[in-house]
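Letters go in sequence order (proteins before strands), and every chain restarts at 1.
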Amino acid sequence: MTMTVLTRTEPDEPSRIGRPVMMLLARLDRALRAVETAASSLAAFALFAIMWIVGIDVAMRYLFNRPFGWSYDFISLYVIVALFFLALSPTFAANGHINVDLLHHALPRWGRRVCEVLICALSAGFFGLLTETSAARTWEAYQAGDVLAGSYSWPTWASLIFVPLGAGLLTLRLALSGLCHLATLLGGREIISLPAIAGSSEAIAQRGFE
Amino acid sequence: MIVLAVVLGLFALLTIGLPVGFSMAVSGAAGLWALGGPSMVMGILQTSPLSVVSSYELLTIPMFLLMAELVLVSGVADDLFQAAAAWVGRIPGGLGMATALAGAGFGAICGSSTASAATLSSTSLPAMLKQGYEPRMAAGVVAISGTLSMLLPTSIALVIYGLLAEVNIGKLLVSGIIPAILVTITIMLTILLLVWEDPRRAPSVRGVPWADRIRMLRSVGPMLILFGIVTGVIYTGVATPTEASAFGALGAFFLAVQRGKLTLASGVKSFQHAAQGTCMITMILVGASIFGYFFTITQVTQGLVDWVGSLEVSRWIIITLILCGYIILGSFMDQIAILVLTVPIVLPLIKSLGFDPLWFGVVKIVTAEVGMITPPIGLNCFIVARYANRPVSDVFHGIWPHFVAHLIAIAILVAFPAIVLWLPSRM
């Protein structure tokens, strides 16, 4: 997990960004991290639930020939959707989304920070759009009372809502991280540290997934 | 024209370090906007992300990731190496061979190559160094043995390929087994060759009494049970790969509890790490799906297939070029990224040339294994270097005999597809 630090990167350089602005950004970052920790815990719990529901379902089917009728729909409609969308922003904050960092090996710190600002701005545009369209769709489904037909009437909005929730949280994270990096570039202190580069000890500590 | 701009845009985004899934989503959406205006983008954004995520087959990924995390917590790898070392330790290079065997055994229950390399680094590497093994050779064996996880049935990489290629995931997982045995033997023969060339590289070990050897076999039990409840049920068709993966995760959970290694803190960390891994991989699949819409509409893939079909070149030359391309890409790009970026384009080509997608998946994963160990970013080498506290150049130096051996193994798999296809054909 990247940590929030309020130390000067270049101690001799006079800060050109006002102290109140930096304090505000750091405070917002802390608040957002608290929300992300909660979202990440919920995602972890969703994973825990999936493991047990599927495991018990299979056991009930083969041992007692009485599988849960609801588990397939419940998991694919709600639990895995919650798992993915709630984890989006915490994973970004923890630099968990893999990228190609070949260029970053060659760039100075300020150059890497310019890249981070670009990354945040471009992604915020995309996820902002996703938040908007998915929120509209969720609202439509809620008002129309859409359900997924089957042996149970699963309300569609309860699945759809995780898209604007997760994408919205990520959009906020991207906007805030972008501003923090920009403030640092303009001569402020470092609020969010740069992501670890592949091969560095920080990156290895995070371990990959292949 | 739009296609070229979008593809160049994608590479530009990847280069500045935008996460792979984000890059594909952003450039795909931009391309769709250019082709069909905002309504097309909105339409696809409304359906695509949710339809990718809301899939039961996708569950295999979080379950295998979780299984890997929990197996890691359980500490079962230490025992595996001890048992293997007791049995084969006396052969020249025996501890190296034990590392390869432990890598295969661990790989059968832990689908993450980096997790496997990290585990072997903390168990077999110190044992070899203590015995006076040449550090370069020891580090090389550990880095390469970790990659066996990618080929055995809990492999996360194979599942990602299966989802992208829309092949039968159960058959795909099973088809990696014989190639994994072949690769294990390749690693062991390479060690034997190295020791034969210079016996000082691997001083011999004192023998272990038979009673101890048999006692140590007991520790292999949990591994065999986990292997059985995942691979066994997939092979016999008792359960689907998704169900088997959940069983595997539960089994690993009980194993960690039974061995007294699962605390609240380590448990929460494992689940969070697996959840983030799931999110990362799924985000890439979501990005690939949005980019895929763009590619489908522009018919680029079909154009490429037609163009290659019109070439007067043997299909074996084309497959050789593709595999060489993969090995080069693998030296500087993440393996999951390579899979997602290339499979949707390369696979139609492979099918049109008359190759089997199952076979291609396994061969592709063996090239990915090579990618995990080639400089400059061979991830496993960095992991081993960190654990061994040695410069990574040392590990890269120790890896090159295995690199050459792996190329031979790939050539064998390409020449004899039956090695891959025989076992799944019996399911």
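- Nearest heavy-atom pair across A/I80 and B/S55 is CD1-O, 4.3 Å.
- For chain B, the nearby part of A/F127 is the side chain; its heavy atoms alone come within less than 4.5 Å.
- Nearest heavy atom pair, residue A/V81 against residue B/V53, reads CA-CG1, 3.7 Å.
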Worked check of side-chain contact (heavy atoms from CB on, under 4.5 Å) between B/T282 and A/F85: CA-CA 10 Å; B/T282 313; A/F85 284 101; over 6 Å; no
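- Here the CZ atom belonging to B/F253 is positioned 5.0 Å from the CZ atom belonging to A/F48, to the nearest 0.5 angstrom.
- We find the CG-CE distance between A/N95 and B/M280 to be 12.5 Å, quoted to the nearest 0.5 Å.
- Contacts of A/S134 with chain B are absent, with no heavy-atom separation under 4.5 Å from either backbone or side chain.
- Residue B/L250 touches chain A through both its backbone and its side chain, counting heavy-atom pairs closer than 4.5 Å.
- Atoms CZ and CD1, on A/R112 and B/I16 in that order, are 13.5 Å from each other to the nearest 0.5 Å.
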Stepwise side-chain contact (heavy atoms from CB on, under 4.5 Å) check, A/Y72 with B/T242: CA-CA 11 Å; A/Y72 187 96; B/T242 311; over 6 Å; no
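- Considering only heavy atoms from C-beta on, A/I119 comes within 4.5 Å of B/P19 through its side chain.
- For A/F45, no part lies under 4.5 angstrom from a heavy atom of chain B.
- Atom CZ in B/F247 sits 10.0 Å away from atom CD1 in A/I56 (nearest 0.5 Å).
- If you tally non-hydrogen atom pairs under 4.5 Å between each of A/T133, A/T91, A/L88 and chain B, the highest count goes to A/T91.
- Taking each heavy atom of B/A246 and A/G55 in turn, the nearest pair found is CB-N, 4.3 Å.
- In the displayed structure, A/Y62 atom OH is contacted under 6.0 Å by more than 12 heavy atoms of other residues, nucleotides or ligands.
- Within the 4.5 Å cutoff, no side-chain heavy atoms of B/P49 are placed close to those of A/F84.
- Other residues, nucleotides and ligands contribute more than 12 heavy atoms inside 6.0 Å of the CZ atom of A/F68.
- Per-residue heavy-atom pair counts under 4.5 Å with chain B were compared for A/V163, A/V114, A/V54, A/I53, and the maximum is reached by A/V54.
- Tested against B/L59, the residues A/V79, A/I50, A/L83, A/L47 include a single side chain to side chain contact (heavy atoms under 4.5 Å, CB included) partner, A/I50.
- Contact of A/L42 with chain B is not made at all, since no heavy-atom distance falls under 4.5 Å.
- If you measure heavy-atom distances from B/A249 to chain A, the contacts under 4.5 Å come from both the backbone and the side chain.
- Annotation for A/W154: atom CH2 counts as buried by contact number, over 12 foreign heavy atoms lying within 6.0 Å.
- Using a 4.5 Å cut-off between heavy atoms, B/I338 makes no contact with chain A at all.
- Of all the listed residues (B/V238, B/L58, B/L13), the one sharing the greatest number of non-hydrogen pairs under 4.5 Å with chain A is B/V238.
- Around CH2 of A/W70, the count of heavy atoms belonging to other residues, nucleotides or ligands within 6.0 Å exceeds 12.
- Proximity of the aromatic rings of B/F22 and A/F126 is defined here by a centroid distance below 6.0 angstrom, and this criterion is not met.
- When the candidates B/A30, B/S270, B/G21, B/C279 are compared by the number of heavy-atom contacts under 4.5 Å with chain A, B/C279 comes out ahead.
- A distance of 11.5 Å separates CG in B/L45 from CZ in A/R137, rounded to the nearest 0.5 Å.
- With B/S54 contributing its side chain and A/S76 its backbone, the two residues share a donor-acceptor pair below 3.5 Å.
- Summarising the geometry of B/T15 relative to A/L103, their closest heavy-atom pair is O-CB, 3.4 Å, with the distance given to 0.1 Å.
- Looking only at side-chain heavy atoms (C-beta outward), A/M51 and B/P62 stay at 4.5 Å or farther from each other.
- Counting all heavy atoms, side chain and backbone alike, B/E243 lies closest to A/R61 at OE2-NH1, 2.8 Å.
- Of all heavy-atom pairs between B/Q276 and A/S40, the closest is NE2-OG, 4.2 Å.
- Contacts of B/V392 with chain A are absent, with no heavy-atom separation under 4.5 Å from either backbone or side chain.
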